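To start, the structure under review is shown below, and the notes come after it.
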Amino acid sequence: MNKITTKDMVIMSLLIAITIVLSRFLSISTPIIKIGFSFVPITIAGILYGAKYTMLISIIADLIGATLITGDFFPGFTVTTALVGIVYGKFLYNKSKSVKNIVLCVVIANLIELILNTGNIYLLSGYGFLATLPVRSFKALLMIPIKALVIYNVSYPIASMKNMVSKKRVV
């Protein structure tokens with residue numbers, strides 16, 4: 001995607017806002033794991049805009065959420081979010097809606113989150129990397145089918161609605 005329209009900017013802004021709300025207010029967080037659906041707007045961005053814009057949307061959502069909302073900014077989490085955005089964009093943009101592709105995408109994104117965010121938690125809190133890895137691995141494995149089902153049944157249908165919005169409004 002080369003040319004960004006005003007409509008695209010509005011959609012991207014909405015995806016950023018929804019990501020912040022889902023991540024910061026509508027997720028379950030413990031010091032070791034975080035469970036939520038903030039991946040949904042990021043996957044929609046991946047389907048609609050590709051890796052570059054999905055990475056930017058992920059970074060902006062993380063920066064706004066971490067600095068303005070919760071005040072817990074750490075660059076390691078932003079790097080992880082950017083890489084996951086790239087993965088969703090590479091695997092979902094201009095690709096067919098296949099279960100195999102979606103599952104592979106989710107597995108790679110979960111591995112990135114598991115390894116890098118476990119390291120980030122270690123750097124921030126001192127919780128042992130190997131001590132927290134089993135619990136975080138269980139969560140990552142549990143989320144693979146959930147994320148794949150949500151991407152297949154929610155993200156793709158929502159992304160397809162973009163073309164339903166008319167370009168010219170008739171009053």
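Remember, it's a predicted structure, so these values are computed and weren't measured experimentally.
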Open item on the list: I need the I47 CD1 to L92 CG distance, nearest 0.5 Å.
Closed with: 5.0 Å
TODO: Check whether any side-chain heavy atom of N117 lies under 4.5 Å from a side-chain heavy atom of R136, and answer yes or no.
DONE: yes
Open item on the list: Test of understanding: clusters of I, L, V, M, F, W, Y form through side-chain heavy atoms closer than 4.5 Å, transitively. Do L141 and I112 belong to the same one?
Closed with: yes
- [ ] Apply side chain to side chain donor-acceptor pair (under 3.5 Å) to K90 and list each qualifying residue two or more places apart in sequence or on a separate chain.
- [x] none
Task: Nonpolar side-chain network containing L14, other nodes, edges under 4.5 Å - done: V10
Task: Short side-chain to backbone donor-acceptor contact, N101 and F91, under 3.5 Å - done: yes
Task: Minimum heavy-atom distance T80-E113, with the two atoms named - done: CG2-CA, 3.9 Å
Open item on the list: Would you compute the distance between atom OG of S96 and atom CD1 of I102 and round it to the nearest 0.5 angstrom?
Closed with: 8.5 Å
TODO: Please name the pair of heavy atoms, one in D62 and one in F77, separated by the smallest distance, quoted to 0.1 Å.
DONE: OD2-C, 4.2 Å
Open item on the list: If hydrophobic clusters are built from ILVMFWY residues whose side chains come within less than 4.5 Å, do L114 and I144 share one?
Closed with: no
- [ ] Answer yes or no: does atom CZ of F74 have more than 12 heavy-atom neighbours from other residues, nucleotides or ligands under 6.0 Å?
- [x] yes
Task: Approximate separation, where rounding is to 0.5 Å, of F39 CZ and I44 CD1 - done: 10.0 Å
Open item on the list: According to a hydrophobic-cluster definition based on side-chain heavy atoms being under 4.5 Å apart (Ile, Leu, Val, Met, Phe, Trp, Tyr only), do L123 and L133 belong together?
Closed with: no
Open item on the list: Strictly below 4.0 Å, N to O, side chains only: are D8 and K3 in salt-bridge contact?
Closed with: no
Task: Side chain T54, main chain G46, donor-acceptor under 3.5 Å - done: yes
TODO: Would you give the length of the straight line joining atom CD1 of I86 to atom OG1 of T81, rounded to the nearest 0.5 angstrom?
DONE: 11.0 Å
- [ ] Would you kindly confirm whether L104 and I115 end up in one hydrophobic cluster when ILVMFWY residues are joined by side chain heavy atoms under 4.5 Å apart?
- [x] no
Open item on the list: Is there a continuous path of hydrophobic side-chain contacts, each under 4.5 Å between heavy atoms, that joins I20 to M9?
Closed with: yes
Task: Gap separating the CD1 atom of I108 from the OH atom of Y88, nearest 0.5 angstrom - done: 11.0 Å
Task: N120 side chain vs L116 backbone, donor-acceptor pair below 3.5 Å - done: yes
Open item on the list: Could you report the tightest heavy-atom contact between K162 and K7, atom names first, then the distance?
Closed with: O-NZ, 3.5 Å
Listed pairs under 3.5 Å, donor-acceptor, residues 151-158 side chains, sequence neighbours left out:
{"unit_1": "N153", "atom_1": "ND2", "unit_2": "L149", "atom_2": "O", "d": "3.2"}
{"unit_1": "S155", "atom_1": "OG", "unit_2": "T43", "atom_2": "OG1", "d": "2.6"}

Open item on the list: Using every non-hydrogen atom in the two residues, find where L22 and P41 come nearest and quote the distance to one decimal.
Closed with: CD1-CD, 3.8 Å
Open item on the list: Could you go through L48 and Y53, starting from their C-alpha distance and side-chain angles, then the distance that decides it, and tell me whether this counts as side-chain contact (heavy atoms from CB on, under 4.5 Å)?
Closed with: CA-CA 9 Å; L48 293 175; Y53 292 111; over 6 Å; no
Open item on the list: I want to check something: taking the side chain as every heavy atom from C-beta on, are I59 and M55 in contact at a cut-off of under 4.5 Å?
Closed with: yes
TODO: Measure the shortest side-chain to side-chain distance between F138 and M143 over non-hydrogen atoms and say whether it is less than 4.5 angstrom.
DONE: no
Task: Under 3.5 Å donor-acceptor, K34 side chain and S23 backbone - done: yes
Task: Shortest non-hydrogen separation from A109 to V87 and the atoms involved - done: N-CG1, 4.2 Å
- [ ] Give, for atom CD1 of I146 and atom CG of L142, the distance between the pair rounded to the nearest 0.5 Å.
- [x] 4.5 Å
